[in-house]
Amino acid sequence: MPEFIPVIGKDEIQRQLSRTAKAISTDYKGRELVLIGVLKGAFLFLADLVRQINLENIKIDFIQASSYGADTISSEKIVLKKDIDIDIRGKDVLLVEDIVDTGLTLTHLIRHLQNFGPKSVKVCAMVDKSERRETAITVDYACVAVQEGFLVGYGLDYAEDYRNLPEIYHLKL
Ligand code: 5GP
């Protein structure tokens, strides 16, 4: 039987989300911001985050890269499954990711987005998992930081299960 060890509870998620949304609202005051959610894992986080960001000019888009599939080990081969629809040339972009692990996915996505000539590209992650980082990526806005473990819940899946859990758990198989 898989074991679910609670890591980040509902209240803590909401607290950190409010703090992050405030920082984004302050930093992008008076500017137009395009939030790009990385599917599928960031769907809940982005939905909650965007409702707390206090900016007048926000656009939302999504991008999807290949994920772990049914495995819990990061793949170095990243394939783009869905590209953005909005024209981001000259725009401030915030890439919203569920979890940054090795950093390879984000490095790939940032390089891809730079091809469209945005004014800036920054990163907001729900979870910054540092133990296996392989790239010198900057997570500009990190909601919560964890050392290790395979996490599920609040958008994060294992073989497409558990995304609906309202809290974040360490899954032990
Ligand atoms: P990276 O390229 O940074 O190694 O991995 C990023 C992607 O791998 C995330 O967007 C997420 O889909 C997946 N991932 C990394 N760590 C975890 C984890 O602990 N749990 C789950 N469910 N997915 C993870």
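If you're wondering where the values come from, they're calculated on a predicted model, not measured in any experiment. Just follow the structure's listing: the first ligand is 1, and inside any ligand the first atom is 1. We number each residue from 1, following the sequence as shown.
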Would you call Glu148 and Arg132 a salt bridge, using N to O less than 4.0 angstrom?
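So Glu148 does not pair with Arg132 through a salt bridge.
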Using a strict cut-off of 4.0 Å, indicate which atoms of ligand 1 neighbour a heavy atom of [X].
{"X": "Asp157", "value": "21 (C), 22 (N)"}
{"X": "Gly149", "value": "19 (O)"}
{"X": "Thr105", "value": "1 (P), 2 (O), 5 (O), 6 (C)"}
{"X": "Thr102", "value": "1 (P), 2 (O), 3 (O), 4 (O)"}
{"X": "Ile99", "value": "6 (C), 9 (C), 10 (O), 11 (C), 14 (N), 15 (C), 16 (N), 17 (C), 18 (C), 19 (O), 24 (C)"}

Aromatic centroids of Tyr169 and Tyr162 separated by under 6.0 Å:
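No, the ring centres sit 6.0 Å or more apart.
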Are any of the N/O atoms on [X], whether in the backbone or the side chain, positioned under 3.5 angstrom from an N/O atom of ligand 1?
{"X": "Glu97", "result": "yes"}
{"X": "Leu151", "result": "yes"}
{"X": "Arg132", "result": "no"}
{"X": "Gly103", "result": "yes"}

At the 4.0 Å heavy-atom cut-off, does [X] count as touching ligand 1?
{"X": "Leu104", "answer": "yes"}
{"X": "Tyr158", "answer": "no"}
{"X": "Ala65", "answer": "no"}

Partner set under side chain to side chain donor-acceptor pair (under 3.5 Å) for Lys59, not counting sequence neighbours:
Glu32
Going by the rule side-chain contact (heavy atoms from CB on, under 4.5 Å), which residues pair with Ser130 if we only count those two or more places apart in sequence or in a different chain?
Gln147
Looking only at side-chain N and O atoms, does [Y] offer a donor or acceptor that is under 3.5 Å from a partner on [X]?
{"X": "Gln16", "Y": "Arg19", "result": "yes"}
{"X": "Asp27", "Y": "Tyr141", "result": "yes"}
{"X": "Asp48", "Y": "Tyr154", "result": "yes"}

Can a donor-acceptor pair be found, under 3.5 Å and without considering hydrogens, that links the side chain of Lys91 to the backbone of Asp87?
yes
Main chain of Lys10, side chain of Glu167: is a donor-acceptor contact present, judged purely on distance under 3.5 Å?
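A pair under 3.5 Å: yes.
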Shortest reach to atom 16 (N) of ligand 1 by a heavy atom, considering only Arg163, Gln64, Lys129:
Lys129
For Asp98, which part has a heavy atom under 4.0 Å from ligand 1: side chain, backbone, both, or neither?
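The side chain, only.
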